[in-house]
Every structure is written in C-alpha cells, then in structure tokens.
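Just below is one structure, and these are the notes that go with it.
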Protein chains: 2
Amino acid sequence: MNYSKQREIIYKTLADNVVHPSAEYIYEILKEANSNISLATVYRNLNKMASCGHIKKIEGLEDKAHFDHNTFEHYHFICQKCGKIYDIPKEIAPDIIQKTQNKTGFTINSHDIVFHGICLECKKE
Amino acid sequence: MNYSKQREIIYKTLADNVVHPSAEYIYEILKEANSNISLATVYRNLNKMASCGHIKKIEGLEDKAHFDHNTFEHYHFICQKCGKIYDIPKEIAPDIIQKTQNKTGFTINSHDIVFHGICLECKKE
DNA sequence: TTATAAACTGATAATTGTTATCAGTTTTGT
DNA sequence: ACAAAACTGATAACAATTATCAGTTTATAA
C-alpha cells in the first residue's frame, strides 16, 4: 500500500472523532473543511484500512457501516433511542474465543458483539 | 396480524432449511417450486415475523440479511471460506447481559455475537 | 534526476439489497 | 354477506456501496 495524503486525512478525521462515524459522515466533515476528497475515496480508504486492521469496521447496526479507530478488542452498544454508539470493554465476555473454539473446533479469526438497548442519557428522559 | 398463505409457506421454507437463508435465497426456492410469491412479499413477511419475534434476523454478516427460524438465544459463526452460517450455543458468554448492564447502567434489549473464521469442513481441505 | 509501473485520485455511472407504492385480492369480525 | 383491515404481485424508487475510467501521485531503480 502506498502513502496517500487523502488516506492520512481520512484517518485523522476518524481518530479525532469521539463518535463512530459512517463513511458518509466523514465525507461531510471533509467537505465542510473544503478537503475536496470524494466520497468514493472515503469508502475506498476506510475499507482498505479496515481490511489491513488499521481501523475497525462496525457492521450490522442499521443500514450503514460505521468505523472505529480504536482497534483494541472491544464491543459496541447502540442506543435504540438516540442512535449513539458506545464502546463496551471486552471483559464482559472472558475467554469467549477459547470457549467457542473448544466447543466447535472452528478456527476463529474475529468476532463482534453488538448490544441494542437504551443508554443512560436516554433513560433519564 | 392476519393469516396469510404466503407467510405460512415462507415460514415453512425457512424452517425446513438447515441453512440460514437470505430473503433472496428463499425467494429462489419458492420460485423453483412455482409458488408465485413475489420478492416483496418475501421481504415483507420475513421482516414482519422478525419484528414480532417469530423468527430471527441476522444482520452484519456480509451485505445481505439472513433469517433464522431458531429463536432460542444463540449466536452465529460464519465461515470465511464456504460462507456457511453455524449456530453457536449461548453458553460461551454466560451472564453477558447482566455484566454489561452492571458495567454501563444501560438497558439491554438484545445482543448479537458473530464469529468469523474457518469451519471444520474447510479446515480439512 | 528521470523513467516507469503501481497505486492512487475525483467524478460519476452502475450495482445491489431493500423498501415504498398502488391497484386489486384475502382475511376477519359483525 | 359486508365492510374494514391486512394482505398480495409487480415494479418503481431508494440508499449504501462499488466499479469504471482517465488523469495524478508515489515508490523504485536505472
């Protein structure tokens, strides 16, 4: 993979964002900053970085895919009211890979856990 | 919800299938059986049954959604080689809801776990 | 350095999975 | 048997993503 200025900008935009943005959302931020980076380039580079493990792709939320620069193992919670995505620490499911491999004999390369529910903020209301 | 002959056929097609089919796949089976059920009806009814808990919708695999008539709590493994989807028993992650609720204070309504890797069949080759 | 191949880009057309629409049909409760 | 509600097939519309393509940038090595 070669260096590209656009990829660097896309990664920084992702990393600086507290949220877990979609490709579209990153594209909008870049457009407002007059970066002149096309939507196709955003998709291309997010997917490229995800497939080489530099970032994480979060699928199965609504329709869109979201991206996460936080690559240490963790899970996600999506609020059914506000739509916000929260990180969940991996300690909630200890030895999950080992247990599953033992039980099935399959080789596990990755796994994702997604919770749906209502976050604290939205419960207050 | 009213009774519908098409919905019954769609459910039976789903239940009789060992695999976890997509809407498209069910539609193809029905078409071969000359059922004359339209793709829209397949989508409509799978979604309807999923939202009332009669079946399960599995999202976040590749692009398509898949469906599962097995509604007891369990997880999924998708083989990166053959694409087959396997059921994983819920025992691999005991108390996962309780733990996550305690840790976050969020209310959890549902959760999904998806593993990616290589299944036994494909490892043999 | 410059030449060259490979990897990249923006713009946009194309694709794909899914949903909406709509006129007509079934189902259900009275 | 009748009206209201829920359903249907056909197909247009939609939204997210990917493919295409001519031109540009990057890495390599003579």
Side-chain angles (χ1 to χ4, degrees), chain A residues 1-14 19-68 76 78 83 85 112 114, chain B residues 1-14 19-68 76 78 83 85 112 114:
Chain A
M1 199 196 302
N2 279 350
Y3 169 83
S4 113
K5 184 179 270 182
Q6 286 88 338
R7 183 153 53 240
E8 189 178 19
I9 292 172
I10 289 167
Y11 178 75
K12 278 190 179 154
T13 306
L14 174 63
V19 298
H20 301 71
S22 64
E24 185 90 36
Y25 185 80
I26 288 186
Y27 173 66
E28 290 304 327
I29 292 178
L30 295 174
K31 201 159 74 177
E32 278 175 32
N34 295 313
S35 291
N36 214 48
I37 294 176
S38 84
L39 181 58
T41 300
V42 173
Y43 272 103
R44 260 191 302 245
N45 283 299
L46 288 172
N47 283 330
K48 188 158 285 184
M49 287 189 283
S51 71
C52 78
H54 191 203
I55 66 174
K56 247 189 147 186
K57 189 174 188 174
I58 317 170
E59 291 180 283
L61 298 186
E62 323 102 72
D63 295 336
K64 300 181 187 178
H66 290 248
F67 295 86
D68 194 342
H76 292 105
I78 177 163
I85 300 170
D112 298 292
V114 179
Chain B
M1 200 195 300
N2 280 351
Y3 169 83
S4 114
K5 184 179 269 180
Q6 287 89 338
R7 183 154 54 240
E8 189 179 20
I9 293 172
I10 289 166
Y11 179 75
K12 278 189 180 153
T13 306
L14 175 63
V19 298
H20 301 71
S22 63
E24 185 90 37
Y25 185 79
I26 288 186
Y27 173 68
E28 290 304 326
I29 291 179
L30 296 174
K31 201 159 75 177
E32 279 174 31
N34 295 313
S35 292
N36 215 46
I37 294 177
S38 85
L39 180 59
T41 300
V42 173
Y43 271 104
R44 259 191 301 247
N45 283 299
L46 288 172
N47 282 330
K48 189 159 283 185
M49 290 189 282
S51 73
C52 78
H54 191 205
I55 66 173
K56 244 188 150 189
K57 189 174 189 174
I58 318 170
E59 291 181 281
L61 299 187
E62 322 103 70
D63 294 336
K64 299 180 187 180
H66 290 248
F67 296 86
D68 195 342
H76 292 104
I78 178 164
I85 300 170
D112 298 291
V114 179

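In what follows, every chain begins at residue 1, and chains take the letters A, B, ... in the order their sequences are listed.
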Is the phosphate of dT8(D) approached by Ser4(B) (side-chain N or O, under 4.0 Å from OP1 or OP2)? yes
Find the distance [X]:[atom1] to [N]:[atom2] and express it as a whole number of Å.
| X | N | atom1 | atom2 | result |
| --- | --- | --- | --- | --- |
| Leu30(A) | dT9(C) | CG | C1' | 14 Å |
| Leu39(A) | dA19(D) | CG | P | 14 Å |
| Tyr27(B) | dT19(C) | OH | P | 16 Å |
| Ile26(A) | dA16(D) | CD1 | C1' | 15 Å |
| Glu8(B) | dA6(D) | CD | C1' | 17 Å |
| Tyr25(B) | dG17(C) | OH | P | 16 Å |
| Glu59(B) | dT16(C) | CD | C1' | 16 Å |
| Gln6(A) | dA11(C) | CD | C1' | 14 Å |

Could you tell me the separation between the OG atom of Ser4(B) and the CD1 atom of Ile37(B), rounded to the nearest 0.5 Å?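 Here the rounded value is 7.5 Å.
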Can you pull out every ring pair (Phe, Tyr, Trp, His ring centres under 6.0 Å) where at least one residue sits in residues 19-44 of chain A? Sequence neighbours excluded, please. His20(A)-His76(A)
Select from Met1(B) and Ser22(B) the residue whose nearest nucleotide in DNA chain C is closer to the 5' end of that strand. Ser22(B)
Find which nucleotide of DNA chain C each of Lys64(B) and Lys5(B) is nearest to by heavy atoms, and output the residue with the more 5' nucleotide.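 Final value for this comparison: Lys64(B).
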Out of dT27(C), dC7(D), dA27(D), whichever nucleotide has its closest atom nearest the side chain of Tyr3(B): dT27(C)
Quick check for you: among dA16(D), dA10(D), dT28(C), whose closest atom lies nearest to any side-chain atom of Asn2(B)?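 Of all the options, the side chain of Asn2(B) is nearest to dT28(C).
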Tightest non-hydrogen contact, residues Lys57(B) and Ala50(B), listed as CB-CB, 4.1 Å
Minimum heavy-atom separation for Cys52(B) to Met1(B), with atom names? SG-CE, 4.0 Å
Residues of residues 43-54 of chain B with any non-hydrogen atom less than 4.0 angstrom from an atom of DNA chain C: list those, numerically ordered, please. Tyr43(B), Arg44(B), Asn47(B)
For residues Gln6(A) and Arg44(A), determine if any side-chain heavy atom of one lies less than 4.5 Å from a side-chain heavy atom of the other.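 SC-SC contact between Gln6(A) and Arg44(A) ruled out.
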Backbone of Asn2(B) reached by a side-chain donor or acceptor of Arg7(B) within 3.5 Å: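 Between the backbone of Asn2(B) and the side chain of Arg7(B) there is a qualifying donor-acceptor contact (under 3.5 Å).
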NA contact type, Ala23(B), heavy-atom cut-off 4.0 Å: base, sugar-phosphate, or nothing? nothing
I'd like to check the side-chain contact (heavy atoms from CB on, under 4.5 Å) partners of Thr13(B); sequence neighbours left out, ordered by chain and number.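 Listed in chain order: Ile9(B), Asn17(B), Ile26(B), Ile29(B), Leu30(B).
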